[in-house]
Amino acid sequence: MLAQIQKERIDAVFAKYPDKRSAIMPLLYLAQEAYGWVSPEAIDDVAALCEIDPTQVKSIAGFYTMFRESPKGKYWLQVCTDLPCALAGADQFYEELLGLLGIKDGETTADGLFTAEHVMCLAACDRAPMLQCNFHFHERLNMEQMKALIAQWRA
């Protein structure tokens, strides 16, 4: 249970907010860090800590793309393919990335290292093609740079 493995950090989160409901998102981050994704058990844990219905926590976790609702690879690659990025070559870049990894959209490589997904808007339209890997931006990418990043992460 989250309350047992993250007690001090949970207490620190609650100390920052006027009521428990305000702490849902930071607690979801803690749960994701602890479990690797926001599992049904994590939803229940956060709901219990905030003294609310799990459905309310699930609706928040489902709305924001930064929460993993299923297990992902060690490196979670999100490529923006919204229109401005697509006009800058993001669609082709993403297809080449999937080919490089040997997976389809939303899949994880057999070694469990990489999950690739397309997303809508990472707020870096002027720096496309770009991707977010585990919440860190990599901008103005080409495939040679992407191959180097993949090699670095594999190492």
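Both Ile60 and Leu27 are part of a single hydrophobic cluster, where members link through side-chain heavy atoms under 4.5 Å apart. Using a 4.5 Å cut-off between side-chain heavy atoms of Ile, Leu, Val, Met, Phe, Trp and Tyr, with links allowed through other members, Tyr64 and Phe137 fall into different hydrophobic clusters. When hydrophobic clusters are built by joining Ile, Leu, Val, Met, Phe, Trp and Tyr residues whose side-chain heavy atoms come closer than 4.5 Å, directly or via intermediates, Leu87 is not grouped with Met130. Hydrophobic clustering, with ILVMFWY side chains joined whenever heavy atoms are under 4.5 angstrom apart, keeps Trp37 apart from Ile43. By the criterion of side-chain heavy atoms lying less than 4.5 angstrom apart, applied directly or through intervening Ile, Leu, Val, Met, Phe, Trp or Tyr residues, Ile5 is grouped together with Leu49 in one hydrophobic cluster.
Residue pairs meeting the salt bridge (Lys or Arg N to Asp or Glu O under 4.0 Å) criterion with at least one member in residues 93-115, sequence neighbours excluded: Asp111-Arg154. Under the salt bridge (Lys or Arg N to Asp or Glu O under 4.0 Å) criterion, the residue pairs touching residues 37-52 are Lys20-Glu51, with sequence neighbours excluded. For residues 125-151, the salt bridge (Lys or Arg N to Asp or Glu O under 4.0 Å) pairs, not counting sequence neighbours, are Arg127-Glu139, Glu144-Lys147. Screening residues 56-79 for salt bridge (Lys or Arg N to Asp or Glu O under 4.0 Å), with sequence neighbours left out, gives Lys58-Glu69, Lys72-Glu117.
Within the 4.5 Å cutoff, the side chain of Val119 has no heavy atoms near those of the Thr81 side chain.
Under the rule for a side-chain contact (heavy atoms from CB on, under 4.5 Å), Ala48 has no partner lying at least two apart in sequence or in another chain. Applying the salt bridge (Lys or Arg N to Asp or Glu O under 4.0 Å) criterion to Asp19, with sequence neighbours excluded, gives no partner residue. Looking at residues two or more places apart in sequence or on another chain, you find a side-chain contact (heavy atoms from CB on, under 4.5 Å) between Phe135 and Gln32, Met66, Trp76, Gln132. A search for side chain to side chain donor-acceptor pair (under 3.5 Å) contacts involving Gln56 returns nothing, not counting sequence neighbours. When the side-chain contact (heavy atoms from CB on, under 4.5 Å) test is applied to Ala31, the partners found at least two apart in sequence or on another chain are Leu2, Tyr35, Ala42, Val46. By the ring pair (Phe, Tyr, Trp, His ring centres under 6.0 Å) test, Tyr29 is found to be paired with Phe67, residues two or more places apart in sequence or in another chain being considered.
Counting heavy atoms of neighbouring residues, nucleotides and ligands inside a 6.0 Å radius, atom CD of Gln145 exceeds 12 of them.
Grouped with Met120 in a hydrophobic cluster is no other residue, since no side-chain heavy-atom contact under 4.5 Å to another Ile, Leu, Val, Met, Phe, Trp or Tyr is found. Grouped by direct or indirect side-chain proximity (heavy atoms under 4.5 Å, Ile/Leu/Val/Met/Phe/Trp/Tyr only), Leu131 sits with Tyr75, Leu77, Val79, Phe93, Tyr94, Leu97, Leu98, Leu100, Leu101, Ile103, Leu113, Phe114, Leu141, Met143, Met146, Leu149, Ile150, Trp153.
Taking SG of Cys50 as the start and CD1 of Ile24 as the end, the distance is 5.0 Å to the nearest 0.5 Å.
Between Pro84 and Cys125 the shortest heavy-atom distance is CB-CB, 3.8 Å.
Without hydrogens or angle criteria, Thr115 side chain to Gly73 main chain gives a donor-acceptor distance under 3.5 Å.
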